[in-house]
Amino acid sequence: MATHHRSCNLCEAMCGIAVEVEDGRVTAIRGDADDPFSRGHVCPKAIALRELHEDPDRLRRPVRGDGTVLSWGSALDETAERLADIETAHGRDAVAVYFGNPVVHNLGAMFGTLAFAGVLGTRHRFSATSVDHLPHLVANWAMFGHQVLFPVPDIDRTRFMLVLGANPVVSNGSLMTAPGIERRLAALRARGGKLVVVDPRRTETAALADRHVFIRPGTDARWLAALAQTLFAEGLVRLGKLAPFVTGLDRLRAAVEPFTPEAVAPATGIDATVTRELARELAAADRAVCYARVGTSMHRTGGLNVWLVHALNVLTGRLDSVGGAMFTRPAVDLVALMSRLGQRGAYGRYRSSVRGLPEFGGELPVSALAEEIEAGRVRALVCVGGNPVLSTPNGARLERALGKLALFASVDIYRNETSRHAHLVLPPVTALEQSHYDLALHVLGVRNTAKLSPPTLPRAEGALDDWQILVGLARRLARARAARGAGPLGLGGVGWRLAATGLAALERFGPVGLLDLALRAGPHGPRLGVLGAGVTVARLLREPHGVDLGPLEPCLPERLATPGRRIDLAPALHLADVPRLRALLAAPSAPDGLLMIGRRESRSDNSWLHNCAHMVRGKERCTLRMHPRDAGARALRSGDAARIRSRAGEVVAPVEVTEELLPGVVSLPHGWGHARADGLGVASRHPGVSMNDLTDELEVDPLTGVAVLTGVAVEVERAVAEGAVAAST
Ligand SMILES: Nc1nc2c(c(=O)[nH]1)N[C@H]1C(S)=C(S)[C@@H](COP(=O)(O)OP(=O)(O)OC[C@H]3O[C@@H](n4cnc5c(=O)[nH]c(N)nc54)[C@H](O)[C@@H]3O)O[C@H]1N2
Ligand SMILES: Nc1nc2c(c(=O)[nH]1)N[C@H]1C(S)=C(S)[C@@H](COP(=O)(O)OP(=O)(O)OC[C@H]3O[C@@H](n4cnc5c(=O)[nH]c(N)nc54)[C@H](O)[C@@H]3O)O[C@H]1N2
Ligand code: SF4
Ligand SMILES: [Mo]
């Protein structure tokens with residue numbers, strides 16, 4: 001028996017795990033008490049790493065849509081030849097890519113998708129970013145000059161934490177890598193600190209908080225503006241050491257001026273006295289931070305929300321201060337690396353052809369994907385580690401559009417609800433067979449740490465990593481293009497050189513080799529004259545539990561990437577969206593209908609762990625939760641079947657009556673709807689319904705293009721055909 005140490009890569013928490021292996025089989029997965037960051041924490045999902053690996057439904061060989069098994073050589077050749085044909089007939093933008101969330105949790109896939117997208121050179125690049133944190137990237141770029149300069153809550157040292165639209169006790173934290181969040185929140189309260197949660201649902205995090213404030217979904221920007229307005233009006237603005245490099249203070253003051261606590265109370269449902277109290281507490285605490293996540297970013301004012309959260313941390317002087325919102329200095333400095341590659345961020349250099357949605361950082365909002373396919377602008381799609389039929393708005397429309405593609409190839413371990421429509425599925429090995437380093441998540445850590453996970457299990461002969469599949473495709477595509485007399489790589493100029501260098505470097509060094517180069521160039525790399533001290537791959541292999549590089553440290557203004565290294569409190573892009581917010585002030589306060597929000601559960605990971613038996617045990621989880629008042633008005637009781645209808649579609653789900661919701665708000669988790677899957681034996685016995693058959697692809701935040709996946713207007717009524725639910729539970 002051998003014990004292997006690695007990081008769990010299923011969510012953002014980066015927990016250290018100890019995996020016991022006997023005769024090539026995993027016998028146990030425990031928390032690694034010696035991991036300096038997670039100190040033994042794991043959640044019930046960690047065991048899924050084994051279940052995924054052993055899942056008989058997982059694909060192990062490339063397959064065609066009709067189930068024919070192919071050799072890797074012929075699958076990659078066929079895909080590349082067909083891509084080249086489509087490019088020849090319709091141009092390079094006719095090929096689209098969609099990169100899903102697991103790409104960010106996979107070192108090889110991160111490098112591989114970068115190289116592959118570089119070679120493709122298409123403008124039709126989509127990813128899970130635009131159903132998630134796009135507004136954060138836009139605000140980071142506009143205010144601090146770089147899309148990945150993420151301020152991270154210094155949760156271990158703060159004394160006042162205001163949380164909006166996040167439920168870290170269940171999600172384990174997002175854009176805040178902090179393994180063992182419950183322990184950290186308990187410690188915050190034990191040292192006399194205060195936790196306040198603003199959420200339309202009394203969540204598991206709210207239950208641990210000193211105070212929970214209900215907010216009506218979709219109204220956060222108005223409320224955040226009222227907090228800022230109060231700080232200005234009551235003379236509580238203290239820029240402190242930030243003062244010399246902050247611009248736009250007066251423009252921000254003017255922008256939030258009409259949003260008094262009284263003016264926003266009817267819409268938000270938050271009493272003006274509560275708003276004032278919280279603004280004063282935020283200002284008065286000796287260390288404080290405001291933190292907001294997906295409930296405020298996949299939102300109709302997602303762009304404004306993140307801007308105002310960043311602004312509040314600046315107005316109270318807490319950005320870049322101990323216990324406030326701080327920047328990391330990880331061993332691989334993505335900020336510096338991306339800057340060197342010209343990837344600080346860029347907005348609106350082109351727009352989607354049908355609806356004119358803005359590009360950000362070379363990507364278009366995925367809400368536009370279906371219509372781009374329907375209009376014939378996109379004729380081929382390569383999906384890597386994504387399940388957009390379940391994870392993007394109006395999945396049913398996208399599903400129909402997939403049928404129109406001349407080529408759909410999916411790099412995925414499963415024939416899921418999306419990849420079952422693929423002409424070819426190209427399955428990589430699972431996490432336990434791969435080396436891993438969290439390039440992205442270390443950027444979000446509440447401490448600076450570094451950890452490399454070597455492969456735990458040997459791989460089956462001939463099996464490929466994501467990066468090998470992507471490099472194989474890119475190289476073959478280049479050859480197929482050359483055979484057709486076209487430029488083999490990108491379109492020319494700098495793009496061509498970058499694509500060529502990226503692809504060649506990945507082929508030559510592999511992901512771990514590239515990682516080593518990046519570590520050596522990074523801020524914790526070896527320095528001349530200091531022998532053996534720096535972080536390199538060799539050192540990380542010697543220290544398998546991970547290396548602690550210390551708490552976050554102030555780094556402004558040096559780390560700012562704006563012209564003149566200033567924080568822009570009033571970016572023109574965001575100010576241009578304020579009139580829309582002002583118009584909302586005048587709008588009728590509380591609409592009569594119901595608003596739907598989502599819900600994460602501890603044994604789900606978006607759409608893809610439901611084929612693991614441990615993840616779906618127990619009672620039905622895909623339920624529509626609603627307040628007794630709303631249920632009563634519709635003669636619904638727990639267990640009844642409800643028909644939920646929106647502009648985009650309708651589904652039937654069982655009702656769960658609970659007082660945890662604000663009246664007028666209903667909650668359905670996302671990531672279910674496995675009746676569509678074929679070949680997922682366990683998941684199809686626990687299908688649930690897809691929340692994204694109700695969300696609306698036409699509703700995006702106009703500033704950023706992020707999908708609006710919360711506060712969706714729905715009607716709920718008793719389902720007449722009760723059998724429909726019995727069949728789906
Ligand atoms: N209504 C609603 N919709 C949402 C959300 C919500 O809160 N509400 N949340 C949104 C968020 S935050 C996100 S991030 C997105 C996620 O959206 P997606 O990324 O599109 O979806 P996932 O469910 O994460 O699907 C991941 C797929 O990757 C595959 N996979 C897993 N590991 C690997 C791997 O190592 N390599 C490869 N190639 N494939 C792998 C899985 O089998 C699965 O098919 O969903 C978004 N959608
Ligand atoms: N167990 C589990 N963990 C996960 C995931 C998972 O699917 N399952 N997914 C991972 C991913 S990809 C991500 S991005 C993270 C996300 O991590 P979090 O951001 O913590 O995600 P949620 O738990 O969805 O929390 C969103 C909260 O916003 C609230 N909310 C909804 N609408 C509004 C609104 O209009 N205003 C306000 N103020 N609040 C609102 C919801 O009630 C909910 O409590 O989680 C990650 N971790
Ligand atoms: S919290 Fe996240 S990283 Fe930690 S064990 Fe659970 S899924 Fe894995
Ligand atoms: Mo996400």
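The structure presented is a predicted model; accordingly, all values stated were derived computationally and were not measured. Just follow the structure's listing: the first ligand is 1, and inside any ligand the first atom is 1.
For the 3.5 Å distance criterion, the side chains of Glu12 and Thr177 fail to qualify, holding no donor opposite an acceptor. Between the side chains of Glu697 and Ser367, no donor-acceptor pair of N or O atoms lies under 3.5 Å. Under the 3.5 Å distance criterion, with hydrogens and angles disregarded, no donor-acceptor pair is assigned to the side chains of Ser391 and His670. Between Asp438 and His105, the side chains place no donor N or O within less than 3.5 Å of an acceptor N or O (distance only, hydrogens not considered). Checking Thr79 against Arg476 by side-chain atom types alone, no donor-acceptor pair falls below 3.5 Å. For the residue pair Thr430 / His53, a side-chain donor-acceptor distance below 3.5 Å is found, with atom types taken as modelled. Between the side chains of Gln434 and Asp465, at least one donor N or O lies within less than 3.5 Å of an accepting N or O. Residues Asn167 and Arg599 have side chains that never bring a donor and an acceptor to within less than 3.5 angstrom of each other. For the 3.5 Å distance criterion, the side chains of Asn305 and Asp220 fail to qualify, holding no donor opposite an acceptor. With no hydrogens or angles considered, a side-chain donor-acceptor pair links Asp701 and Thr704 at under 3.5 Å. Neither side chain, Arg201 nor Ser667, offers a donor N or O lying under 3.5 Å from an acceptor on the other.
Counting heavy atoms closer than 4.0 Å to ligand 3, residue Glu12 contributes nothing at all. Only the side chain of Met298 comes within 4.0 Å of ligand 1, counting heavy atoms alone; its backbone N, CA, C and O stay farther away. Of all the heavy atoms of Asp466, the ones lying under 4.0 Å from any atom of ligand 1 belong exclusively to the side chain.
Among protein heavy atoms, the minimum distance from atom 1 (N) of ligand 1 is reached at Asn692 OD1, 2.9 Å. In this structure, atom 14 (S) of ligand 1 lies nearest to the protein heavy atom Asn101 ND2, 3.3 Å. With hydrogens left out, the protein atom closest to atom 10 (C) of ligand 1 is Val131 O, 3.3 Å, a heavy atom. Counting protein heavy atoms only, atom 2 (Fe) of ligand 3 is closest to Cys11 SG, 2.3 Å. The nearest protein atom to atom 42 (O) of ligand 1, hydrogens excluded, is given as Asp412 OD1, 2.7 Å; this is a heavy-atom distance. For atom 4 (Fe) of ligand 3, the closest heavy atom belonging to the protein is Cys15 SG, 2.3 Å. With hydrogens left out, the protein atom closest to atom 47 (N) of ligand 1 is Ser391 O, 2.7 Å, a heavy atom. When only non-hydrogen protein atoms are considered, atom 4 (C) of ligand 1 lies nearest to His670 CD2, 3.4 Å. For atom 40 (C) of ligand 1, the closest heavy atom belonging to the protein is Gly385 CA, 3.9 Å. Protein heavy atom nearest atom 33 (C) of ligand 1, with residue, atom name and distance: Pro102 CB, 3.8 Å.
Near Met14, meaning under 4.0 Å from one of its heavy atoms, ligand 3 places the atoms 3 (S). Each of the atoms 19 (O) of ligand 1 lies under 4.0 Å from some heavy atom of Gly100. If you number the atoms of ligand 3 from 1 as listed, the ones under 4.0 Å from a heavy atom of Cys8 come out as 3 (S), 5 (S), 7 (S), 8 (Fe). Of all atoms in ligand 1, numbered sequentially from 1 with element shown, those under 4.0 Å from a heavy atom of Val411 are 37 (C), 38 (N), 39 (N). Of all atoms in ligand 3, numbered sequentially from 1 with element shown, those under 4.0 Å from a heavy atom of Leu10 are 7 (S). Each of the following atoms of ligand 3 lies closer than 4.0 Å to a heavy atom of Asn172: 1 (S). Interface atoms of ligand 1 facing Pro428, defined by a heavy-atom separation under 4.0 Å, are 36 (N), 37 (C), 38 (N). Atoms of ligand 1 lying under 4.0 Å from at least one heavy atom of Asn416, given by number and element, are 43 (C), 44 (O). Contact atoms of ligand 1 toward Ile413: 42 (O) (distance under 4.0 Å to a heavy atom of the residue). Remark: ligand 1 atoms within the under-4.0 Å shell around heavy atoms of Met691 are 1 (N).
Closest of all the heavy-atom pairs between Leu694 and Ile644 is CD2-O, 3.4 Å.
Ion pairing between a basic and an acidic side chain is recognised when a charged N comes within 4.0 Å of a carboxylate O; Arg420 and Glu399 show such pairing. Salt bridge annotation for Asp35-Lys451: present, with a cationic side-chain nitrogen under 4.0 angstrom from a carboxylate oxygen. Between Arg293 and Asp132 there is a salt bridge, with a side-chain nitrogen of the basic residue lying less than 4.0 Å from a carboxylate oxygen of the acidic one. Salt bridge present: Arg30 and Glu20 bring a charged side-chain N and a carboxylate O closer than 4.0 Å.
No option in Pro669, Ser171, Cys622 other than Pro669 meets the side chain to side chain contact (heavy atoms under 4.5 Å, CB included) test with Glu601. Checked options Val384, Asn387, Thr392; the residue passing with Tyr98 is Thr392 (criterion: side chain to side chain contact (heavy atoms under 4.5 Å, CB included)).
Across Asp605, Asn9, Asn387, heavy-atom proximity to atom 25 (O) of ligand 1 is greatest for Asn387. Compare His41, Lys45, His105 by their heavy atoms: the one nearest to atom 7 (S) of ligand 3 is in Lys45. Looking at Val708, Leu426, Asn606, it is Asn606 that brings a heavy atom closest to atom 13 (C) of ligand 1.
Coordination check, Cys43 versus atom 6 (Fe) of ligand 3: passed, since an N/O/S atom of the residue sits under 2.8 Å.
Note: no N/O pair closer than 3.5 Å links Thr695 and ligand 1 by distance alone. Note: no N/O pair closer than 3.5 Å links Asp132 and ligand 1 by distance alone. Between Gln434 and ligand 1, not a single N/O pair is under 3.5 Å apart. The shortest N/O to N/O separation between Tyr414 and ligand 1 does not fall below 3.5 Å. Ligand 1 has a nitrogen or oxygen under 3.5 angstrom from a nitrogen or oxygen of Ser607.
Using a 4.5 Å heavy-atom cutoff, the side chains of Arg58 and Pro427 are not in contact.
Heavy-atom separations between Phe99 and ligand 1 are all 4.0 Å or longer. Under a 4.0 angstrom heavy-atom cut-off, Arg600 registers as being in contact with ligand 1.
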